[in-house]
Enquirer: 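Please see the structure below; I have some questions.
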Amino acid sequence: MLDPRAVADDPEAIQHNLRRRHADDEAFAAVDRIVALSSRRNVLVTDRDGCRAARNSLSKAIGDLFKAGKRDEAEAMKAEVATNNARIAELEAELDGLEVELRHLALSLPNVLDPSVPDGHSDADNPVVATWGTPRAFDFTPKAHVEVGEALGILDLERAAKLTGARFSVLKGLGARLERALMNFFLDLHTGTNGYTEVMVPYMVHADICEGTGQLPKFAGDMFKLAEPVNGQDTYLIPTAEVPVTNLHREEILDDAQLPVKMVCFTPCFRSEAGSAGRDVRGLIRVHQFHKVELVWLTRPEDSADAHEQLVSHAEQALQALELPYRKVLLCAGDTGFGAARCYDLEVWLPSQQAFREVSSCSNFHDFQARRMNLRYRPADVDGKKSRPQFAHTLNGSGLPLGRVLVAILENHQQADGSVVVPEVLRPYVGTDVIRPPSA
RNA sequence: GGAGGGGUGGCCGAGUGGUUGAAGGCGCCGGAUUCGAAAUCCGGUUUGCGUGCAAACGUAACGCGGGUUCGAAUCCCGCCUCCUCCGCCA
């Protein structure tokens, strides 16, 4: 969420940002409306507070008069308070409506892009920042992951469809083992030298939690909403661990010394994939349920840029350890997500598609999410003076998703005989060097 | 699911409807004392919003929401949540 005051103070800057994002007319209208509402709001607040001050002093006077036994004067004064209270009620009614609208408008605006984000319309304009590894030269035609997995008897999409239809999967034997191995490897990697604290969290969260990270109100269609409220509130299946984990410290004031908070979390992720009909229909690339190990940071504003580089490097480490060629792109203005100020995507090479496909999205949100969820910290004292609390910065990135990485392993490490070589770092977890077809 | 008891500041813990943003204690910060420290003493120690260059002033907040009242931490209603006991259960 943008600070309505910041919007009102410098609408040109916000409009410039919207142009860079190729935002729609509605967004520009929201800026104008925020400017108008903000000045009206300040008038109302000043007015209301003045009326309240009058009421407070009158009430006190009434109390004193009663004590002094001057009942008549007190009664007369009550009438005065009554008219004053009616005025307060009027002002509050207008103010309440206005503040609801202000928040709604502020929530609808995308984050301000970091100055370092390049101009551009779509993913075609994202500059490639780095590439790692060389796509393997196959002396046979590499198969797609579905073929590889089904031939190995470790992937069963047909039976998954019996359970829940398309876009679900069943892993068996070493396939399931490989998925579990990835989970453990990623968690061990990040809780080890990378210094993340592992957390386990609920997979269902209330609507305000989704608003905190930015999924709501704009992207309700991407999530699964439970038909029945849980504990009295609308509840959603989490689309990513980012949602519960980033919100862990919402409405708190963290101590400066606690930062940065670095958390790693394994969860299933549930996505409705509304509007993606016909895209990546087969296999594990685009599904309604997948597993992911997510990295989340809470930092001081001045530290978030550096944290962003570290975060993406941790995700890269995982790909490198698995010997998977990838490239790193910096998303351009038009492709950067709604809440992100700056975002790197890691794209892994898929031989069957002869293309790089997204496996990790590492974003710095600046204070966008923190403001939504009222997540603050108290900066260290300056010259012995206590500092005022301010919003933290939040970041997150996949480190990494299990399903898409499993796809990449099956495709990149497949051999002519249909077997798949297990990357060395995974062997202790999988318990074998090679996954072989049942007949072999 | 049934019965009962709680939710007050960083923590513990008072609070009769009217100088209670909130006693007292702990913790923390500053100062005094000390060669230094401990102990002791003095002072300070929530957050949001508005006005203001600032100092400051005003206003709001005692789980959340509503109500009664001139005035609510205090009375009433609903909800959330925590604890104890019974039942059920992975």
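A note on names: the letters A, B, ... follow the listed sequences, proteins ahead of strands, and every chain is numbered from 1.
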Enquirer: What is the distance, rounded to the nearest whole Å, between atom CZ of A:R52 and atom P of B:C70?
Expert: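 Taking CZ of A:R52 and P of B:C70, I get 18 Å after rounding.
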Enquirer: Identify, between A:R55 and A:S387, the residue whose nearest nucleotide on RNA chain B lies closer to the 5' end.
Expert: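 Nearest nucleotide further toward 5': that of A:S387.
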Enquirer: Could you tell me how far apart A:E92 (CD) and B:A61 (C1') are, to the nearest whole angstrom?
Expert: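 It is 14 Å, rounded to the nearest whole Å.
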Enquirer: Would one find a side-chain N or O of A:N42 under 4.0 angstrom from OP1 or OP2 of B:U51?
Expert: yes
Enquirer: Are any of A:N231's side-chain N or O atoms less than 4.0 Å away from OP1 or OP2 of B:U81?
Expert: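 Answer yes for this pair, as a side-chain N or O of A:N231 is under 4.0 Å from OP1 or OP2.
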Enquirer: Identify the two heavy atoms, one from A:P217 and one from A:R372, that lie closest to each other, and give their separation to 0.1 Å.
Expert: CD-NH1, 4.4 Å
Enquirer: Does B:G21 pair with anything, Watson-Crick or G-U wobble, both distances under 3.5 Å, and if so, with which nucleotide?
Expert: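 The answer is none; no pair meets the criterion.
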Enquirer: Whole angstrom is fine here: how far is it from CG in A:L375 over to C1' in B:G48?
Expert: 16 Å
Enquirer: Taking CG from A:D256 and P from B:G10, how many angstroms apart are they, rounded to a whole number?
Expert: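 After rounding, the gap between these two atoms is 18 Å.
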Enquirer: Given that A:S57 and A:R388 both sit by RNA chain B, which one's nearest nucleotide is further toward the 5' end?
Expert: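 In this pair, the answer is A:R388.
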Enquirer: Report yes if at least one side-chain N or O of A:R5 is closer than 4.0 Å to OP1 or OP2 of B:C49; otherwise report no.
Expert: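 Answer yes for this pair, as a side-chain N or O of A:R5 is under 4.0 Å from OP1 or OP2.
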Enquirer: Determine the interatomic distance between P on B:G15 and the same-named atom on B:C53; round to the nearest Å.
Expert: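 These two P atoms come out 46 Å apart once rounded.
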Enquirer: Could you tell me which nucleotide pairs with B:C88 by Watson-Crick or G-U wobble geometry, both distances under 3.5 Å, or answer none if nothing does?
Expert: none
Enquirer: Quick check: does any side chain N or O of A:S363 sit under 3.5 Å from a backbone N or O of A:N396, one acting as donor and the other as acceptor?
Expert: no
Enquirer: Say we look at B:U59 and B:C26: how far apart would their C1' atoms be, to the nearest angstrom?
Expert: 31 Å
Enquirer: Could you tell me which nucleotide pairs with B:U81 by Watson-Crick or G-U wobble geometry, both distances under 3.5 Å, or answer none if nothing does?
Expert: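 The base-pairing partner of B:U81, which may sit in any strand shown, is B:G6.
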Enquirer: Between B:C70, B:U19, B:U59, which nucleotide has the shortest distance from any of its atoms to the side chain of A:V81?
Expert: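 So the nucleotide nearest the side chain must be B:C70.
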Enquirer: Could you check how far CG of A:N56 sits from P of B:A60, rounded to whole Å?
Expert: 5 Å
Enquirer: Answer yes or no: does a side-chain N or O of A:R376 lie under 4.0 Å from OP1 or OP2 of B:U47?
Expert: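 Answer no for this pair, as no side-chain N or O of A:R376 is under 4.0 Å from OP1 or OP2.
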Enquirer: How many Å lie between CZ on A:R378 and P on B:C29, as a whole number?
Expert: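 The answer, rounded to whole Å, is 14 Å.
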Enquirer: Checking base pairs now: Watson-Crick or wobble, both atom distances under 3.5 Å. What partners B:U68?
Expert: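 Across all strands, not a single nucleotide pairs with B:U68.
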Enquirer: Looking at every non-hydrogen atom in both residues, tell me the closest pair between A:P4 and A:L102 and how far apart they are.
Expert: CB-CD2, 4.3 Å
Enquirer: Measure from CG on A:N84 to P on B:C70 and round the result to the nearest Å.
Expert: 13 Å
Enquirer: Measuring from atom SG of A:C269 to atom NE2 of A:H288, what distance do you get when rounded to the nearest 0.5 angstrom?
Expert: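 So the gap between those two atoms works out to 14.0 Å.
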Enquirer: Within this structure, what is the CZ-to-P distance between A:F66 and B:U69, rounded to whole angstrom?
Expert: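 So the CZ-P distance, A:F66 to B:U69, works out to 14 Å.
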Enquirer: Is there a Watson-Crick or G-U wobble partner for B:U34 with both distances under 3.5 Å, and if so, which one is it?
Expert: none
Enquirer: For A:I62, report the nucleic acid contact type (base, sugar-phosphate, nothing); a contact means any heavy atom under 4.0 Å.
Expert: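 Base contact.
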Enquirer: Determine the interplanar angle of the A:H190 and A:Y196 rings, folded into 0 to 90°, and report it as parallel if under 30°, tilted if 30 to 60°, perpendicular if over 60°.
Expert: perpendicular
Enquirer: Apply ring-ring contact (aromatic ring centres under 6.0 Å, His included) to A:F186 and A:F266, showing your working.
Expert: CA-CA 9 Å; A:F186 292 151; A:F266 166 85; over 10 Å; no
Enquirer: If you check every side-chain atom of A:S59, which of B:U51, B:U47, B:G18 has the closest atom?
Expert: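 The answer is B:G18.
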Enquirer: Considering every strand shown, what is the Watson-Crick or G-U wobble mate of B:C28 when both distances are under 3.5 Å?
Expert: B:G44
Enquirer: For B:A38 and B:U33, measure between their C1' atoms and round to the nearest Å.
Expert: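 Each nucleotide's C1' atom is 12 Å from the other's.
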Enquirer: Determine the interatomic distance between C1' on B:A22 and the same-named atom on B:G13; round to the nearest Å.
Expert: 13 Å
Enquirer: Between B:A14 and B:C62, how far is it from one C1' atom to the other, in whole Å?
Expert: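 Comparing C1' positions in B:A14 and B:C62 gives a spacing of 13 Å.
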Enquirer: Determine yes or no for a side-chain-to-main-chain donor-acceptor pair under 3.5 angstrom, with A:R55 supplying the side chain and A:N84 the backbone.
Expert: no
